[in-house]
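These notes concern the structure reproduced below.
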Amino acid sequence: MSNFLRREADSFFFRRRVPAPFQARLGQTEIYRSLKTTVRRTARARAAHLFIATEKLFRMLEEEDDEFPLTDDDIRVAVRRWLDTSAWKQRLKIVDEMSPGGLRAYHESLPDTLLKMSADEGVSYGDNLSQEANAALDHSDYFDVRSGDRLRRTASALQKQLREYVDRRMETVFGQETVAVASVQTVAAVAPSESPANMTKLSTFIKAWQNDIIAGYNYNKGLGDETTDQYLKTVEMFIALMGDLPVGKITFDTAAEFRELVLQMPAAHGKGATGSPKKELARAKADKTLPRVTMKTAKRHFSGMNSIWKWLIYKKHVSVTAQPFSGHSFPGTKSKKSARDDWSREDLHRLFTSREYRDAPDSSALHWLPLISLHSGMRLEEICRLRPGIDIITKDGIPCFNIAKRDGWDPKTEAGTRLIPVHSWLIQHGFMDFLTQQRARGAEHLFSPELPLHKGKISSGFSREFSKLKIELGVGSKTAFHSFRHSFRTVLESTDLKESHINAVMGHEGGGGQGQTYAKRVTTAKLKEVVEAFHPPLELDFLGAAAATTTPPLPKVTVKKRKLTPPILDSNGRVVRGRKV
């Protein structure tokens, strides 16, 4: 099973190649799913289930002849079998036990009511109906590999059989005549017609969509300013290239055409003062030597379009079955997302012995951020968000980093709220002296004023500069700042520590809700034991202790360059000021 299990970043994924004969049928070359866990044992179990499911799928495709697709009879049998499960029997029992008065009053809405009983909070009727239809197919080992048509036919069959069940109960209680009247009244429910396409233009919805994704909707967290701006630019580019189309006219083919145009755009579009998308596209077509947009960037633009489309579905402006921006191929983008490398001993040596690092002030972000992340496993933004006077606390006599929600920012996950004892090496290196210095200066954040807040993030500027530095030093492309976190976890996993204790320090979800509740009860002493178990691949004692008297660097000031022009001289060699007469 390990052949199908992949670890990427902090999570496990199932990955299996689709046999060549079935790739066209499935519309994909591999099956790639997140196992939604960081625990290897749990990942193996889930991967085993997925392996069995994919085996069934391939076997079904192997046996299925194109002349015999899934028929209406097959779908009706699948729906009947689904309604015969214990969960649905309990729901249908409500109809059987309903009083004559209640049955007469509510018989028209009963099928929809029965369907809504299974819906989670916040899930629309259409989404829930699709989930029930998919479950019915899956229960009979029919896989909804062609999605749209099969799902619609199954949903319709499910609604019809529920209507028939209620009508039979009506006939039993009231007789045939009443059922005939009821059938006329509910004909629309039995055979629902497609709602007309929404002819409102896409631009009409932009403002409301932006407000909702910033504030957060459907129980989702709001997005940051940087992501929101990127998504907005994507939608504006779509309108510029494809026209301000009615949302009901945007199809999969429309999105595919947009994808092709995006991939023809020059790579510099959107960076600095560039022309309109159409002018930029024309410039790229005229100059074949211009670098083009990468597949990764095109995929990011589709994320932006999917964002507004999901919102349109949530607001019921478009049908849940319409998914024009899903299912498109972006080859080469998944491989680059593979797990980042840990920091090797050689790369750590390159960084900490480099002239740039050794010349950085002892109180600078460049000096401290790699060391803190390496010895704590904290994410870059988590460290930058630390407030010297509030977020480094002493608990049970142990100095700790306190990662907690505050105005304008919260940890990446619920498990991200945690205490991390300060590693003794950091203390010996002078971190507490640096902290005292920053507190005395009244610094708002640990590296104020060097790293200012910009578009909702503090770390973005440093992240760019650090990336440039590690490339100049010859560090591999898969080794990034976040790799310090992987190095920390990798070393701890080679010890005898419990995984739940490591997760408590790292801020990983681990074993679900119960596991997280347990993690919150881990003592400070145990957390300290976990942190102290970390020893970097490279001994860093050669760095010595940092001085606490150095003034933190000020933020970089961008100086606008002026164009220099030679002076104008008269016939006597004197400088002519103003216009030459």
Partners meeting ring pair (Phe, Tyr, Trp, His ring centres under 6.0 Å) with His535 (sequence neighbours left out) = none
query = When you look at Glu532 and Ser424, which way does the side-chain hydrogen bond (donor to acceptor under 3.5 Å, both in side chains) test go after all the steps?
reply = CA-CA 7 Å; Glu532 293 299 329; Ser424 58; 2.8 Å; yes
inquiry  = So, using side-chain contact (heavy atoms from CB on, under 4.5 Å) as the criterion, who are the partners of Thr227 when residues are at least two apart?
reply    = Leu223, Tyr231
inquiry  = Tell me every residue that passes side chain to side chain donor-acceptor pair (under 3.5 Å) with Trp425, counting only those two or more places apart in sequence or in another chain.
reply    = Asp541
task = Please list, chain by chain and in numerical order, all residues satisfying side-chain contact (heavy atoms from CB on, under 4.5 Å) with Ile427, sequence neighbours excluded.
result = Pro399, Val422, Met432
task = Kindly write out the residues that satisfy ring pair (Phe, Tyr, Trp, His ring centres under 6.0 Å) with Phe488, not counting sequence neighbours, or none if the list is empty.
result = Phe534
remark   = Contacts of Arg350 meeting salt bridge (charged side-chain N to carboxylate O under 4.0 Å, His left out) (sequence neighbours excluded), chain-then-number -> Asp347
message = Just to verify, what does Thr254 make a side chain to side chain donor-acceptor pair (under 3.5 Å) with, not counting sequence neighbours?
response = Thr251
inquiry  = Can you list everything that forms a salt bridge (charged side-chain N to carboxylate O under 4.0 Å, His left out) with Asp359? Sequence neighbours excluded, please.
reply    = Arg355
inquiry  = Whether the side chain of Ser467 engages the backbone of Arg464 through a donor-acceptor N/O pair (distance < 3.5 Å, no angle test) should be reported.
reply    = no
request  = Applying side-chain contact (heavy atoms from CB on, under 4.5 Å), name anything that partners Arg406, two or more places apart in sequence or on another chain.
outcome  = Arg385, Arg387, Asp391, Trp409
inquiry  = Side chains of Asp396 and Thr524: any donor to acceptor distance under 3.5 Å?
reply    = yes
task = Could you list the residues that satisfy side-chain contact (heavy atoms from CB on, under 4.5 Å) with Lys526, not counting sequence neighbours?
result = His501, Val522, Thr523, Glu529
message = Restricting to side chain to side chain donor-acceptor pair (under 3.5 Å), what partner residues turn up for Trp309, sequence neighbours left out?
response = none
query = Among all residues two or more places apart in sequence or in another chain, which pass the side chain to side chain donor-acceptor pair (under 3.5 Å) test with Thr289?
reply = Asp287
